[in-house]
Amino acid sequence: MYKNPIETKEYKDLKKHYNSIQKDSIRDLLEEKNKENTLDNFSIESDGILFDFSKNLITKETINLLVKFADSMNLKSEIDRMYAGKKINKTEDRAVLHTALRETEDKQYSVDGTSIMPLIEQERNKMKNISEKVRLGKWKGYGGNAITSIVNIGIGGSDLGPLMATEALKAYSDRNLSIHYVSNVDGSDIMEVLAKCNPETTLFIIASKTFTTQETMTNANFAREWLVNHFDSTEAVSNHFLALSTNIEAVIKFGIDKENILEFWDWVGGRYSLTSVIGLSTMISIGYDKFYEMLKGFNSMDNHFRHKPLNENIPVLMGLLGFWYNNLFEFDTHAVLPYCQYLHRFPAYLQQGDMESNGKSIDRNGNKVNYSTGPIIWGEPGTNGQHAFYQLIHQGTKIIPSDFIGYINPTNSTDDHHEKLMANYFAQTEALAFGKSIDELKQENIEKELIPFKVFEGNRPTNTILFNKLTPYTFGQLISMYEHKIFTQGILWNIYSFDQWGVELGKVLAKKILPELKYNFSEKLQHDESTNKLINYYKKNRN
Ligand code: F6P
């Protein structure tokens, strides 16, 4: 039996503490009441990352109690169980070993008593060979032309990870290659991408863990037809199609050559698969060496998570602070705000990572939970978000704990863009924490009637995450940091973070509805009144 978190003594202590400090403000906590709340107590520097959590509604005692609570939920031994290859994804009977994919030393990981390191190395070498061949112009299309366009067809974890990483590391990419991503089963997605591609020089990567996903298979078949029509030969498929999957049988059935298949395994979750062969498009874009540097960054944070004591452990503290706000303050959402244009798809990636992992309401004992679990994750790069939704974060009725991610040194040297970007980055967390009082406004001689509108209450919690520069290495650290935050929270909420049964029902119903949308489907619809009406309206108006 796993513990119900809110029935532990440690949670109850936390709750008592919450009751005693909930009315305090960040300003008081930081500046006046508690002189021990110095930056040193509330920031950690590790392998080039500064994680500063001083602008939170916490005291030292909060952190002590949170860490005790994590201990009571056996976080440390659960981390060890993951690394030991135990089948912690119980409902799918799978181990969870994405961390082995970026192991760069000679460490051993096994599943069911068999080492998985040789498999990982074999596929990594295949990735290396393919990416080098493409980058050197040696991978030729059926007509003898070198490949210049890569189209990754996949969805969810088979799209968001490599897409986000390729965008994030664009500055390190080979600009002679164009990398595209097709995910949606809205045909416009693939049509727009194909319009930019020449069949002679295009390589399709079909990325799907299961190789059964409707969206991906529809787009893959469409791309295949587009290519075969052009060459008027199915033989062309071997020069232009690769597959990344765990389901080798289905790939072969689709018609992709065995030597063009790169494999991964069921102990790699889709949303944790960026460092598996799923990252091939990113490796083609930035090259093997940079990709390997990224793996090292991942590995550095993996080791930090695995070995650091809980009170010095960045992902653990991020997870605990998230728990503090989600379960004690009952704040429902969490914003992730990278002050970095290259990370513009990071919030979308994290939405899957976090919400598909921890959006659960059944605990590990199979009971309905009586507490809140995963928050709504959202965000946009700064400063764009400032001119869109920050109004609500500053003055709305909802409190939104936020992560501010920034880089000390810019990737591109321009005039003073970077100082302006970072001035905004620092200004926002200052404004959110300390706000602007009536007295301050009066001192500024603001008209009396306008004062209520111009007041900023402040007291909005933020984390500041600061790196030296966006490199493949620091990028790896960042992603791993959030992966382990998600793991931590799954343990605190006593839920299974590595399955995703909640996505199944919609898939089943869509399968049932698909034939009903055909114009010649004449049977009586068997859905509820509302759905029947909508389907009929659609069919009546469909050209
Ligand atoms: O439907 C959700 C999901 O299963 C995700 O977990 C996964 O990343 C995505 O679909 C794509 O799955 P696949 O890689 O098997 O095509």
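For this chain, numbers begin at 1 and follow the sequence in order. Read the numbers this way: they start at 1 and go in the same order the structure lists the ligands and their atoms. No hydrogens, no waters, no symmetry mates; every other heavy atom, side chains included, goes into these values.
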Take the angle between the ring planes of Phe498 and Tyr272 and call it parallel below 30°, perpendicular above 60°, tilted in between. tilted
Less than 4.5 Å apart, any side-chain heavy atom of Ile179 and any of Tyr181?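 Ile179 reaches Tyr181 side chain to side chain.
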Contact between Asp354 and Pro375 at the side-chain level, heavy atoms closer than 4.5 Å - yes or no?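 SC-SC contact between Asp354 and Pro375 confirmed.
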How close do Arg135 and Met283 get, counting heavy atoms only, and between which atoms? CD-O, 4.2 Å
Write down, by chain and number, every protein residue that brings a non-hydrogen atom to less than 4.0 Å from an atom of ligand 1. Ile155, Gly156, Gly157, Ser158, Ser208, Lys209, Thr210, Thr213, Gln352, Glu356, Gln500, Val503, Lys507
What do you reckon, is CE of Met191 surrounded by more than 12 foreign heavy atoms closer than 6.0 Å?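 For Met191, atom CE is not crowded (no more than 12 foreign heavy atoms under 6.0 Å).
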Please table the atom pairs, donor to acceptor, closer than 3.5 Å between any side-chain atom in residues 221-230 and protein atoms at least two apart or in another chain.
{"residue": "Asn221", "atom": "ND2", "partner": "Met217", "partner atom": "O", "Å": "2.9"}
{"residue": "Asn229", "atom": "ND2", "partner": "Glu225", "partner atom": "O", "Å": "3.4"}
{"residue": "His230", "atom": "NE2", "partner": "Glu200", "partner atom": "OE2", "Å": "2.8"}

